[in-house]
Amino acid sequence: MGHARSVGRRVSALVVSLVLLTSACAGGSSSGDGTAGGRDDTMIYGKTDGGTTFVHNYNVVGPAIDKAPNMELVYEPLMRIDYSNGAVVEPWLAESWEFDDAGTTLTVHLRDGVTFSDGEPFTADDAVFSLNLPIEQPEFSIAGVTYEKADKVDDLTFTVTFAEPSFATLKQFANILLPMVPEHVWADQDLNTWTNPEPIGTGPFTLGEFKPQQVTLAARDDYWGGELPMSTYKIIPTSADAAKAQLLRGDIDIAQGSWANGEQEYTAKDPEHNLYQLYPNGGAMSAMFNAGRPPFDDVHVRRALAMTMDRSAITTTLQRPGTEAGPTGLNATVYADWVDPELAEPWPIDAEAAKAELADGGWTVEDGALVKDGESYRPSILFNNDWDWGSYADILINGWRDSLGIEVKPAGQPTAGFYDAMNLGDFDLAAASTGGAGVYGVYSFLDGDFVVPVGESATLNQGRWSNPEADEIIAAMESTDDEAELKELGLRMQELVVDEVPFSPLYDNFYFVEINAKRWSGWPTPDNFDHIPFVGMGPDLILTMLDLEPAEG
């Protein structure tokens with residue numbers, strides 16, 4: 001493939017910081033935090049994805065792993081993904097755009113009247129600076145961008161140039177890891193060391209007060225998107241178990257994470273106010289194989305372990321039966337018209353076929369280890385302890401022991417350590433989310449251009465799987481704006497993924513949202529939404545906030 005890539009080379013736990021959340025104590029009518037809001041006009045988020053303290057670092061692209069939470073409420077992307085409408089790209093800071101006929105030049109028209117929180121206007125100069133940053137300094141790229149450069153046309157217009165037709169790559173401009181930052185603040189900073197303690201963005205909030213155990217964001221009164229109904233947004237760290245009690249007491253307004261028996265333990269106690277919501281995100285929780293090192297550089301081993309994963313037991317533990325994932329990684333609800341019907345059903349456990357697969361590859365199992373050519377391997381499975389994934393890993397480990405005699409070791413890590421190991425390729429198997437916007441979005445992370453050696457950090461293709469046919473298909477997906485052609489390419493990619501098993505989907509993934517609606521009403525629901533109230537999805541959460549109203553009583 002000849003197109004230019006700028007791939008992040010360092011670890012970033014930013015995705016975690018942006019996508020997962022925590023909590024702590026709340027209550028009282030006075031904020032006492034230096035902001036104007038008391039409890040009645042404050043929204044509180046309980047962040048449960050690890051750690052009891054926050055790090056005061058708002059350098060979105062900097063090399064530090066630990067970042068401040070909810071930066072996506074300060075910094076915004078150009079576009080957003082609408083998961084209620086087939087994961088299509090919609091405007092945000094960009095008001096409109098068009099490709100040329102060749103698909104190599106994208107002209108973007110910015111929304112007029114947007115200002116940064118210091119009062120300076122957001123212009124094409126800022127957008128061009130932000131987009132060229134990961135091109136000119138690839139060490140600060142964390143989004144895996146595919147364009148070559150951006151150029152200003154006028155104050156509200158710029159172009160983006162691609163080396164090859166790139167119709168399908170538009171979604172990268174909706175990535176919260178490619179935020180629009182102010183050139184007048186960022187241009188003179190050393191991004192290796194700068195912690196950006198007073199962040200200036202186009203988003204609806206500024207930093208009110210930072211404490212290691214509580215971050216307070218203050219709502220702007222000049223936000224381009226409109227007036228927020230709350231003056232303050234607080235982020236407090238908590239655990240998954242503590243968050244449940246805090247939600248029931250109304251100490252926090254929103255949290256996220258799977259809650260087994262959530263319908264009974266939470267919703268049933270107050271159906272009007274206790275909202276436990278699930279939104280399919282188009283992807284799956286999967287077992288990611290590290291193809292960058294043995295034994296999972298061998299497809300026979302990958303297939304054998306994929307054939308002996310008890311997906312039904314895992315989803316039963318989740319208490320969401322019926323959501324076992326098919327082998328393609330495409331969620332059949334979101335992509336019903338795109339999934340190959342012959343590949344839609346989850347793989348059943350087939351120990352005999354798995355043993356035959358190992359034998360075909362020349363593998364034996366001896367004392368719990370995989371053995372070939374005199375080399376012995378005892379693989380481990382990496383998982384995130386903060387996601388309570390240990391019980392699911394145990395199901396897989398027990399299944400492989402019972403069906404194949406292979407002893408797979410658990411390797412749980414807290415969030416930061418989990419992403420560090422993932423990005424550096426320091427794992428054999430890992431429990432990881434896969435998915436994206438559209439069929440191209442689901443599979444694009446497998447592009448061989450994203451592969452870096454084990455020991456170097458990768459934010460995409462962390463499994464180091466490389467396949468020339470996949471690269472050809474992904475490149476063709478990028479080049480077409482013909483839906484029929486894209487569907488045909490999607491079918492080819494599904495067959496390849498099912499045959500080569502770079503990852504093996506376990507269960508369909510959802511955005512899990514828990515809401516206590518006693519203080520704020522007007523929340524979206526899975527039956528009626530055009531944006532998802534998931535913290536970390538910047539524009540979606542902002543749209544949610546804009547629609548909320550103080551609850552009566």
Checklist line | Asp426 vs Val454, side-chain contact (heavy atoms from CB on, under 4.5 Å): CA-CA, chis, key distance, verdict | finding: CA-CA 7 Å; Asp426 185 19; Val454 171; 6.0 Å; no

Check: Among side-chain atoms of Asn423 and Gln462, is any donor-acceptor pair under 3.5 angstrom?
Finding: yes

Margin query: Ring-plane angle category for Phe503 and Phe445, please: parallel below 30°, perpendicular beyond 60°, tilted otherwise.
Written below: tilted

Margin query: For the residue pair Thr202 / Glu76, report whether a side-chain donor-acceptor contact shorter than 3.5 Å exists.
Written below: yes

Check: So, does Thr169 use its side chain to make a donor-acceptor pair with the main chain of Ser166 at under 3.5 Å?
Finding: yes

Check: Are the side chain of Asn461 and the backbone of Leu446 linked by a donor-acceptor contact shorter than 3.5 Å?
Finding: yes

Check: Do you see a donor-acceptor pair shorter than 3.5 Å between the side chains of Thr316 and Arg311?
Finding: no

Notebook entry, point to check: Sequence neighbours excluded, which residues qualify as ring pair (Phe, Tyr, Trp, His ring centres under 6.0 Å) partners of Phe427?
Noted result: none

Check: Looking at Phe158, Trp97, Tyr147, which hits ring pair (Phe, Tyr, Trp, His ring centres under 6.0 Å) with Phe173?
Finding: Tyr147

Notebook entry, point to check: Does anything in residues 82-106 pair up under salt bridge (Lys or Arg N to Asp or Glu O under 4.0 Å), and if so which pairs, sequence neighbours excluded?
Noted result: Arg80-Glu90

Checklist line | Sequence neighbours excluded - salt bridge (Lys or Arg N to Asp or Glu O under 4.0 Å) pairs with any residue from residues 296-306 | finding: Asp298-Lys372, Arg302-Glu500, Arg303-Glu357, Arg303-Asp499

Check: Asp154 and Thr157: side-chain donor and acceptor closer than 3.5 Å?
Finding: yes

Margin query: Between Tyr511 and Tyr279, is the ring centroid distance below 6.0 Å?
Written below: no

Note to self: Whether the Thr159 and Thr105 side chains hold a donor-acceptor pair (N or O, under 3.5 Å, no angle test) is what I'd like checked.
What the structure shows: no

Next item on the list: Would you check if there is a donor-acceptor pair between the side chains of Ser376 and Glu366 at a distance under 3.5 Å?
Entry: no

